[in-house]
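Take a look at the structure below.
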Amino acid sequence: MLRLRRRVPHLHLIAKGLSCSCSSSLHHATHLRPNTPQQLQLLKQLVSLLQKHSWSRQATQQVHSHFITSGFLHSQQSTSYILLLVNTLLRCYSLGQFPLEALLLYKNLNYLSFDSFTYTFLLHTCANLHSIFSGLQLHALVFKVGFQSQVYVQTALVYAYAVCGSLVEAMHVFDEMPKRNTVTWNVMISGLAKWGHLQLSRSLFDQMPTRTVVSWTAIIDGYTRMNRPDEALSLFRRMAIYEGIKPSEISLLAIFPAISIVGALKICQSVHTYGEKRGFNISNIRITNSLIDSYAKCGCIKSASRLFEDTSAQRKNLVSWTSIISSFAMHGMGKEAMESFEKMEEVGMKPNRVTFLSLLNACSHGGLVEEGLKFLNKMLNSYQIVPDIKHYGCLIDMLGRAGRLEEAEKMALGIPVEILNVVIWRTLLGACSFHDNVEMGERVTSKILEMEREYGGDYVLMSNIFAGVGMFGDAERLRKLMDKRNIFKVPGHSLV
DNA sequence: GTAGGGTTAG
């Protein structure tokens with residue numbers, strides 16, 4: 001509530017004004033005659049309020065409820081303005097976290113004669129809901145009301161299908177379109193790329209008449225996500241240098257993971273400079289966060305922490321803090337990670353499960369066992385965060401590295417069965433192997449056998465433990481067991 | 001005075 005008040009004072013005042021004189025104002029509104037100048041004025045006011053605060057659910061709801069109580073719906077005229085308001089409402093709902101409300105609003109007003117705008121917003125709602133069922137219904141409806149050949153509606157259809165993963169349907173609509181615009185192409189390309197159909201996506205990309213920065217960004221993002229950083233980077237270079245297309249903030253966000261995978265510090269630096277030149281680093285905290293992360297992943301913790309320090313406290317968000325903690329973690333700097341965490345608490349930023357995962361990781365890699373356990377306690381008691389399997393994996397790794405195998409095993413045995421997986425036992429088995437604990441190694445191996453009978457790697461690890469402590473007979477026995485079950489491990493090989 | 005696309009931390 002406070003946040004709303006701070007962010008949208010204007011709305012609040014108006015809303016207050018509206019409800020303040022509730023008895024008079026609302027009454028007044030109900031008794032407005034249709035199509036009076038006052039009524040039009042109010043409608044316009046509501047529309048512009050919505051435009052200004054289209055991301056605020058409260059604003060949307062306030063306007064919505066005022067719309068309902070104002071009696072507009074019973075007026076016979078100014079339907080075009082009413083439709084304008086309804087469409088804007090639909091747009092706001094479709095963007096937000098509660099897209100279902102858009103469908104409900106539409107359903108409640110089904111006696112209005114809607115236009116093509118309405119249907120594009122409704123289709124966006126389906127996309128946000130990932131509801132292919134509503135998408136199909138709307139597709140049929142679009143035909144019924146006759147908007148099936150509108151480019152915007154068709155594009156929205158392609159988008160809704162693509163987001164829901166119904167790529168065959170998306171392609172079908174796309175293919176049948178008599179006319180397409182750049183956005184249509186972009187929607188199809190990014191839809192295919194998002195679901196991993198890079199080849200098809202790329203061929204459309206190569207085929208499309210004019211490529212915008214959005215087209216380039218979509219395909220680059222596709223390559224990055226499919227773990228093909230070299231292609232992503234070369235396309236990025238081609239776009240920026242040869243085609244002279246200026247990368248947008250989103251292009252940068254798409255290229256950072258590729259930079260990180262290959263560890264290209266030089267590229268990271270030049271993207272940093274570019275972002276600086278265009279003012280992205282200042283205006284967009286996501287860019288700063290990605291830069292911190294990428295610098296760390298490229299091995300330059302110094303640049304990462306300097307960037308973090310140079311960012312004003314006001315701009316830092318949860319991701320910024322988590323990024324710097326995980327940066328320290330990946331560089332084995334447990335102490336620095338801890339200090340960052342404490343500072344984060346001091347400024348009143350509330351950590352989440354990812355923050356704790358990074359922190360526990362830092363403790364594990366930095367050998368800070370007691371501290372790690374203390375943070376686990378804090379996570380449970382001060383923040384009421386229930387550890388998930390990754391937190392457990394981290395803690396067991398931490399205890400295992402430190403040779404505190406009994407505690408690690410005890411913790412593993414306490415993990416709820418619903419989330420327990422074989423990775424936990426393998427982590428513990430690795431620790432048993434490292435610390436030559438045959439007895440526990442056996443116990444853990446039998447756990448693994450219970451959970452995953454087909455996997456060969458653990459047998460080999462176990463038999464290596466036996467062999468390592470001179471128990472060749474047992475190693476032999478285990479190998480035999482493997483042979484009996486026809487399990488084999490492909491030996492590691494290298495091309496170098 | 002309403003339309004469409006690409007988005008950070010494990």
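Below, chain A is the first sequence line, B the second, and so on; all start at residue 1.
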Checklist entry - With under 30° as parallel and over 60° as perpendicular, where do the rings of Y295(A) and H272(A) fit, or are they tilted in between? => result perpendicular
Item to check | Base of dG1(B) paired with side chain of T88(A) (donor-acceptor, under 3.5 Å) | outcome: no
Next on the checklist: Run the side chain to side chain donor-acceptor pair (under 3.5 Å) test on Y161(A) and H139(A) for me, step by step, so that the C-alpha distance in whole Å, both residues' side-chain angles and the decisive distance to 0.1 Å come before the verdict.
Outcome noted: CA-CA 10 Å; Y161(A) 278 130; H139(A) 194 166; 2.7 Å; yes
Next on the checklist: Rounding to an integer number of Å, can you tell me how far L360(A) CG sits from dG10(B) P?
Outcome noted: 15 Å
Checklist outcome for this item: With the side chain defined as heavy atoms from C-beta on, L357(A) is closest, among dA3(B), dG6(B), dG10(B), to dG10(B)
Checklist entry - Would you call the rings of H64(A) and F67(A) parallel, tilted or perpendicular, where under 30° means parallel and over 60° means perpendicular? => result tilted
Next on the checklist: Expressed as a whole number of angstroms, how long is the span from D221(A):CG to dG6(B):C1'?
Outcome noted: 7 Å
Checklist outcome for this item: note: N87(A), atom CG; dT2(B), atom P; distance rounded to Å ~ 11 Å
Item to check | Residue K297(A), side-chain heavy atoms: nucleotide from dT2(B), dA9(B), dG1(B) that is nearest | outcome: dA9(B)
Checklist entry - Which part of the nucleic acid does T212(A) contact within heavy-atom distance under 4.0 Å: base, sugar-phosphate only, or nothing? => result base
Checklist entry - Which class fits the ring pair F174(A) and W185(A): parallel under 30°, tilted 30 to 60°, perpendicular over 60°? => result perpendicular
Checklist entry - Picking from dT8(B), dG1(B), dG5(B), which would you name as closest to the side chain of V319(A)? => result dT8(B)
Next on the checklist: If I take atom CD in residue Q45(A) and atom P in nucleotide dT2(B), what distance separates them, rounded to the nearest angstrom?
Outcome noted: 17 Å
Checklist entry - Across the strands shown, which category fits N317(A) at heavy-atom distances under 4.0 angstrom: base, sugar-phosphate, nothing? => result nothing
Checklist entry - How many Å lie between CG on L122(A) and P on dA3(B), as a whole number? => result 15 Å
Checklist entry - What nucleotide, of dA3(B), dA9(B), dG6(B), holds the atom closest to the side chain of S323(A)? => result dA9(B)
Checklist entry - Can you tell me how far CD1 of I385(A) sits from NE2 of H391(A), rounded to the nearest 0.5 angstrom? => result 7.0 Å
Next on the checklist: Of the listed nucleotides (dT2(B), dA9(B), dG6(B)), which one gets closest to any side-chain atom of F121(A)?
Outcome noted: dT2(B)
Next on the checklist: Classify T182(A) by what it touches in the nucleic acid, base, sugar-phosphate, or nothing, heavy-atom distance under 4.0 Å.
Outcome noted: nothing
Checklist entry - NA contact type, V47(A), heavy-atom cut-off 4.0 Å: base, sugar-phosphate, or nothing? => result nothing
Next on the checklist: Let's see if you can work this out: which of dG10(B), dG6(B), dT2(B) has an atom nearest to the side-chain heavy atoms of T217(A)?
Outcome noted: dG6(B)
Item to check | Atom-pair distance (CG on L112(A); C1' on dT2(B)), nearest Å | outcome: 15 Å
Checklist outcome for this item: To the nearest angstrom, the CG-P distance between L85(A) and dT2(B) comes to 13 Å
Next on the checklist: Base, sugar-phosphate or nothing for R180(A)? Non-hydrogen atoms, less than 4.0 Å.
Outcome noted: nothing
Item to check | Nearest-nucleotide pick for V213(A), side chain only, options being dT2(B), dG6(B), dG5(B) | outcome: dG6(B)
Checklist entry - Taking atom types as modelled, is there a side-chain donor on S358(A) or T355(A) under 3.5 Å from an acceptor on the other? => result no
Next on the checklist: Can you see if the side chain of H391(A) gets near the phosphate of dG10(B) - specifically, an N or O under 4.0 Å from OP1 or OP2?
Outcome noted: no
Item to check | Closest to side chain of Q51(A), choosing from dG1(B), dA3(B), dT8(B) | outcome: dG1(B)
Checklist entry - Is the base of dG10(B) touched by the side chain of T322(A) through a donor-acceptor pair closer than 3.5 angstrom? => result no
Checklist outcome for this item: Per atom distances to the L318(A) side chain, the nearest of dG10(B), dA9(B), dA3(B) is dA9(B)
Next on the checklist: Looking at D310(A) and R306(A), is there a salt bridge between them, counting it only when a charged N and a carboxylate O are closer than 4.0 Å?
Outcome noted: no
Checklist entry - Would you say the base of dG5(B) and the side-chain of S190(A) have a donor-acceptor pair closer than 3.5 Å? => result no
Next on the checklist: For a quick check of understanding: with a heavy-atom distance under 4.0 Å over all strands, which category does S116(A) fall into, base, sugar-phosphate or nothing?
Outcome noted: base
Checklist entry - To the nearest Å, how far apart are M208(A) CE and dG6(B) C1'? => result 12 Å
Item to check | Candidate nucleotides dA9(B), dA3(B), dG6(B), ranked by approach to the side chain of Q150(A) - the nearest | outcome: dA3(B)
